[in-house]
Amino acid sequence: MAGKSKGGKNKGKAQGAGQSVSAEPEVPVTDGAEVVNPENGEVSDPPAAEGGVADAEKTDGDAPVVAQPEPVKKPAEGELHLFPVPVRTQSGEKLELQLSPGDSVIDVKQFLLDAPETCFYTCYDLILHSKDGSTHQLEDYNEISEIADITSGGCSLEMVAGIYDERSIRSHLRRVRELLSLSSLHVSLSTSLALQQESSQGKSAGSEKTVIQELDGLNFMEDNAGALTNLLAPAPAEIKCVESIVFSSFNPPPSYRRLHGDLIYIDVVTLEGNKYCITGSSKSFYVNCSNGSILDPKPTKQSLEASTLVGLLQKISANFKKGFREVLDRRASAHPFENVQSLLPVTSWLGAHPVPEHRRDAARAEESVVLSYGTELIGMQRDWNEELQSCREFPHGNPQERILRGRALYKVTCDFVDAAVKGAVGVINRCIPPINPTDPECFHMYVHNNIFFSFAVDSDYEHIPKDRKPDCQNGPSRSTKVSSSGVEAKHDMNHAEFTEVSNSVSDNSSDASADAQIADSEQATYASANNDLKGTKAYQEADISGLYNLAMAIIDYRGHRVVAQSIIPGILQGDKSDSLLYGSVDNGKKISWNESFHSKVVEAAKRLHLKEHVVLDGSGNPVKLAATVECKGIVGSDDRHYILDLMRVTPRDSNYMGQEHRFCVLRPELVASFVEAESTKQSTRQKVSDASEESNDQVASTSDAKASSVEGDDKTEESSGPTLEENSNSNAEILFNPNVFTEYKLAGSPEEIAADEELVKRAGTYLLDIVIPKFVQDLCSLDISPMDGQTLTDALHLHGINVRYLGKIAGMIKHLPHLWDLFTAEIIVRSAKHVIKEILRQSPDHDIGPAIAHFLNCFVGKVSGASTKGSHGNAQSKTQKGQESSQTQKSTKGQKLNNTAASRKGLSTYSHLTSDGIWSSIKEFAKSKYQFEVPDDARLSAKRVSVLRNLCQKAGITIAARKYNLDASTPFEALDILNLQPVVKHSVPTCTDAKNLMEAGKVRMAEGTLNEAYALFSEAFSLLQQITGPMHKDAANCCRYLAMVLYHAGDTAGAIVQQHRELIINERCLGLDHPDTAHSYGNMALFYHGLNQTELALRHMSRTLLLLSLASGPDHPDVAATLINVAMMYQDASNMNTALRYLQEALMKNERLLGPDHVQTAVCYHALAIAFSCMSLYKLSIQHEKKTYDILAKQLGENDSRTKDSENWLNTFKHREEQVNAQKQKGQGTNASDNAINFLKANPAFLQAMKAAAIQSGDGSANVNRSLNAAVMGEGVPRLRGVDERAARATAEARKKAAARGLNVRNGPGSNNASDELAQILKIINSAAAASSTSATANAQQSASEGQATNGPAQNGNSSEAKAAVTGGPSVKSTSNTPVGLGTTLESKKQKSKQKS
């Protein structure tokens, strides 16, 4: 939001950067140190910005100019001008707010709620005193500009105590309780580290610390089960202000007291031990004379009265006054964003261990019992549909209107998701009764808080009489055309009135459809629910005026999938037989049509690349549609046109044909990418047609899925010629017919139908032959580097690849161990999720914890069941039910039957499960869903913390954060399972204006025009703050880019402020251990290092390594790159011993994971060469730089700018070595052989490691990567982290220029004299080799240097910015002519260290 209270503003100091953090974007100030270009007019690489902006070449012409605090340009969209307005509080205090004329009165009240001076006032009126002396009472929804002009000054606001009513007095009490608890404060570890650093610096101001202590970075990289205990920060210690505040048992006030304004009675026990009964009246709070069990409503003394409860408590308790001041101070010391609540909070898979004591709290008990299930205060239900559709109807012609509309839509949708989750949990826990209790349990529907709930039904139902099946009106769950005999239930869900229609239709459904229904599995219903949500999002983004969707969320909890939707008005009341205007409820037998509805759908279809086409209904009548047959257009009693059942907004995936794959549709991202690719190819049509004929053959032969028959392929080949001509003649627009490859009959000429089918096939071929190979290539070259299951899924989706292709891609990246581990783990976890859901569905309430613990033991440990005869086979058939084995026709019994039978026998439903049984179910599911053979050694790889984390997150399990022995046969106990949380998918709208601004900013950043980039990112952040609030992942991305721009402009302190914001938002919106959070810590570390706060930087790096080890495990190129950055920091702190240990670890990782010839490995050798040159060991530098050169020449060619840079470095090192030798001859050299030999004796392990590494690097794994030779994209292309590919394409040109900068190397302060012992040992090896002419000595020296190299990693020049950011700070003017690009010169390093000293 726009304004900000000055009180709040001044309190939020930027940690570690003495700069105030307000809600407004800062202006980049470069502290007078403008960016200096080196003599040759080039700037050595700054860190790449995450998500697609590589380092851009900057020449003198476009060096960034220092931005003026007051930009002279007109305010861009979303930019705000703030004006100071004084406020007089109820208690007479004065404070000042920074307001914008567009702020509404509600915004002003929110700012006052955030300011410490006024945070406890909830019921007051605002009076505005304008310049001319007139006063205006402000209504909540007024905008300030409507009442007075604050821009000219002279206005002031006054808070006047309001009149309480029953609702407002309760919310006042709730606010007081909130303020007294610190549980809503989320302090980031980074904030506390910075505060610790500040306090320790204060203490040791006199004594300058020289030695940087070593952090425990490496030891937990191997033992990451122990790392679990370090993830969660301890909860903040509560500050006690009062013993208890509870509703008195005198409530409700008797009628005669109501007439005097009594609304509520409150019992308070103060810390001093005094008990008071307080009356909350419509005017104020006062202490009454009640004593014991009889109400005496008279006030005690007149003085014990106040307009707020906090004011009264401060009068009656000195301890309360002191405690409350401490609470406010604690909140004020936190970063402002740490006080903001996230609207869509993320759940953690780890809970505190040991479990904190659960103490008595009468207020908490009251809260949970009094509030009805998940509804609003005092049972007020919200009409979600009306709220949502009214917000959609807001005008959105200008930026300010779009902000208001976006904010309203975002807030309503988030509130809906929150209410839907609570309601769904209530439904699954049987707290909410169904509206159709006589139907079978699986078909129950529920209405609660104006939300419609239904189950996504799974499994087979042949034990239910056929005529009952169509009642399975469960929402998107219904498997579209067939599984519920063509009755699309969501609409039914919403529309009870259609059930009769569906029942009458069901008997006519064909035998084929009945068989398909019996074989229908959980997968189809899950897929249709997911597709429906995607379709709803697509229509929501198309945003056609007059066409409405429902709010929708999918909640997975306890093995059930519940679909929640807002309710179409009038649909649950009375006969609405005429409400269906468009589409079909009976599988296409009767298709309704309406002119005005059709025109709106056609408009949406154009934006969704769908074609207007003709289908035949059951009687053979042609009907013109622009959507799928099964979607429904309904008119509600509010006369709005609603479109539902959007399971197939995109065409079928032609690589997965057949009844069992009827929900396999292409992703919207792929359709957009295909349309873009095709339109660029319009000119070269003939070539395309040849290619598509070939690829059709390929698809038929290679696709794992059941491709269409051979005759079908022949037909398409014949027709492809005319098709293309027809397309190019008619228009360049590419539109898909969504009803091809379905059982609906299409009208139109055979040629047209064949052309439509051909287009859909071409899209499938494009996915297989172009998108997936390009994705694999980007994975191999590390342009895309997913760390865990979530980032892998996001990357696949961003490229338009469905998760069902996981198995196919896994087969293409076998040669890269870290990717193979990642893909197999993801397939195993996704398969295991379906097994555990089956178990949870069958577990009664008292068995859930033990059942989850038993499953995890079977999955990770070794459980061989003591099961009764035959029950093992039975278990198999049950868990296989969860698989997509559509062939098995045996049914599991209904959930009810299972539970009751098991509980009668006194057996637990899970006791028969064994490790072998569970793993065979997982393998079977992986084979049927992903066409993937799970390798036999997969059970060992499942013993990794990253796999356990992934599974817990997908299933909503919270386990205790303790150290588990994952090699034990039963590592988990029932008490380790702390919670089972719902996992939610929703359709919360995104802010497209802000996204467009960010894309433009990335392009500007790549071009090096930092001022413009800064303005665009600031504007995007300002927009997001007003629409979504700061707690949103897009806002985090903005902060990251702002940090990068400021860093490039030389304002490291300003960069830290922005980076700290990003870190806080990521921790709250993505999770404490999300890979993006890890990279936030990494970037913070690099920025702190740029400010020479190395110890603080290393603490952040330690956290980065911890988080990466949880997310991906220790074997990942990102981990190697982080180790390099740590090594550089130690190197700059002159701790060469430790630096070389980290480099050794990183190089070993890169050689093992990527192969000895990967560009990253070359970067490693280069880092070592630089390290050795810092130690004046130029012979070793030359050898390592030679390896760098050889790899780059092989991968990129000798003419590539980076290869040439490497050659320049090689010459530089040779030149330096000659200088050193010349000095030695003059007698200036020292002989340190004794020290070296002593060091060797003291550290035998060091020499062993060097030798081992040398041997390891010796075996050139030629087979490692054939595809890597193709993947020569060594540019600093940052990895894909939730940013789309277009930005990367936009910056490709700039990147080519930037590539000339080469591989980034930390150019922080250099060390003049390295760690002595290590330098000595290396010198002795070095000099021995130089002196001796025997080949034996030469070999020894070669192997030693190779070993050392192998142990040193390199900066990951082309990995994510966290790594790329190894270049620290603005470049310094360099006086020598050494090459720019691969790293700064030693002179500049020395200059820097002089400056700092």
Side-chain angles (χ1 to χ4, degrees), residues 219-232 348-355 788-789 821 824-826 828-840 843 847-867 875 879 908-923 934-981 1072-1073 1106-1107 1109-1115:
N219 39 0
F220 60 63
M221 289 309 296
E222 300 314 318
D223 165 35
N224 54 10
L228 296 183
T229 52
N230 303 326
L231 177 67
L232 300 176
S348 172
W349 65 283
L350 287 176
H353 180 80
V355 179
D788 63 350
D821 285 350
T824 45
E826 181 66 4
I828 288 167
V829 165
R830 283 175 176 271
S831 307
K833 176 181 74 172
H834 288 281
V835 181
I836 194 170
K837 281 183 169 177
E838 182 78 8
I839 295 164
L840 285 172
S843 300
D847 264 351
I848 291 177
I852 295 173
H854 183 78
F855 171 82
L856 290 176
N857 283 332
C858 292
F859 181 69
V860 177
K862 182 82 184 93
V863 177
S864 44
S867 58
T879 37
S908 54
T909 50
Y910 59 84
S911 54
H912 55 255
L913 298 169
T914 64
S915 292
D916 293 340
I918 287 223
W919 274 93
S920 70
S921 298
I922 288 172
K923 287 180 177 179
V934 174
D936 293 333
D937 60 355
R939 284 174 72 166
L940 289 173
S941 72
K943 292 184 186 299
R944 303 202 314 269
V945 170
S946 52
V947 178
L948 177 66
R949 167 183 177 269
N950 194 352
L951 179 62
C952 289
Q953 286 177 332
K954 283 190 167 61
I957 298 166
T958 304
I959 59 174
R962 69 175 181 86
K963 185 171 179 177
Y964 295 98
N965 175 10
L966 297 181
D967 294 320
S969 56
T970 55
F972 299 92
E973 300 165 17
L975 290 175
D976 290 328
I977 312 301
L978 301 182
N979 199 357
L980 184 60
Q981 307 184 78
L1072 289 175
D1073 55 352
L1106 168 77
L1107 299 183
S1109 74
L1110 287 175
S1112 67
D1115 287 335

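Note: hydrogens, waters and symmetry copies are ignored here, and every other heavy atom, side chains too, is used.
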| Ion pair check, Lys862 and Asp916, cut-off under 4.0 Å | yes
| said: Would you say that Thr824 contacts Val934 through its side chain, given a criterion of any heavy-atom pair below 4.5 Å between the two side chains? | reply: no
| query | Hey, mind stepping through Asp1073 and Asp788 against side chain to side chain contact (heavy atoms under 4.5 Å, CB included) and telling me if it holds? | reply | CA-CA 10 Å; Asp1073 55 352; Asp788 63 350; over 6 Å; no
| Which heavy-atom pair separates Val835 from Ser921 by the least distance, and what is that distance? | CG2-CB, 4.0 Å
| said: For a quick test of reading the model, state the closest non-hydrogen atom pair linking Ala960 to His353 and the distance between them. | reply: CB-ND1, 3.7 Å
| Between Lys943 and Val860, which heavy-atom pair has the shortest distance, and what is it? | NZ-O, 2.6 Å
| Any Leu856 side-chain heavy atom under 4.5 Å of Asp976 side chain | no
| message | To check you understand the geometry: which heavy-atom pair defines the closest contact between Ala955 and Ile836, and what is its length? | response | CB-CG2, 4.3 Å
| Which atom pair, heavy atoms only, marks the closest approach of Ile922 to Ile828? | CG2-O, 4.0 Å
| task | With rounding to the nearest 0.5 Å, note down the distance linking NE2 in His854 to CD in Glu973. | result | 15.0 Å
| task | Report the distance from atom CD1 of Ile918 to atom CG of Asn857, rounding to the nearest 0.5 Å. | result | 10.0 Å
| query | In Å, rounded to the nearest 0.5 Å, how long is the span from CG of Leu1107 to CG of Asn230? | reply | 10.5 Å
| Quick check: does any side chain N or O of Ser1112 sit under 3.5 Å from a backbone N or O of Ser946, one acting as donor and the other as acceptor? | no
| Nearest 0.5 Å, what's the CG-NZ distance between Asp936 and Lys923? | 4.5 Å
| said: Is there a side-chain contact between Arg944 and Asp1115 in this structure, where contact means two heavy atoms from C-beta onward sitting under 4.5 Å apart? | reply: no
| task | Report yes or no: does Ser915 contribute a side-chain atom to a donor-acceptor pair with the main-chain N or O of Val863 at less than 3.5 Å? | result | yes
| message | Looking at Glu826 and Asn950, would you say the former's side chain and the latter's main chain have a donor-acceptor pair under 3.5 Å? | response | no
| message | Can you tell me how far apart SG (Cys952) and NZ (Lys833) are? Round to the nearest 0.5 Å. | response | 13.5 Å
| Looking only at heavy atoms, which two atoms of Ala825 and Val947 are closest? And how far apart? | CB-CG2, 3.9 Å
| Are any non-hydrogen side-chain atoms of Trp349 and Ile959 less than 4.5 angstrom apart? | yes
| message | Run Leu913 and Phe855 through side chain to side chain contact (heavy atoms under 4.5 Å, CB included) and show every step you take. | response | CA-CA 8 Å; Leu913 298 169; Phe855 171 82; 5.5 Å; no
| field | Contact check, side chains of Ile957 and Leu840, non-hydrogen atoms, under 4.5 Å | value | no
| remark: Rounding to 0.5 Å, atoms OH (Tyr910) and CD1 (Ile848) come to a distance of 11.5 Å
| Would you call the rings of Phe859 and Trp919 parallel, tilted or perpendicular, where under 30° means parallel and over 60° means perpendicular? | parallel
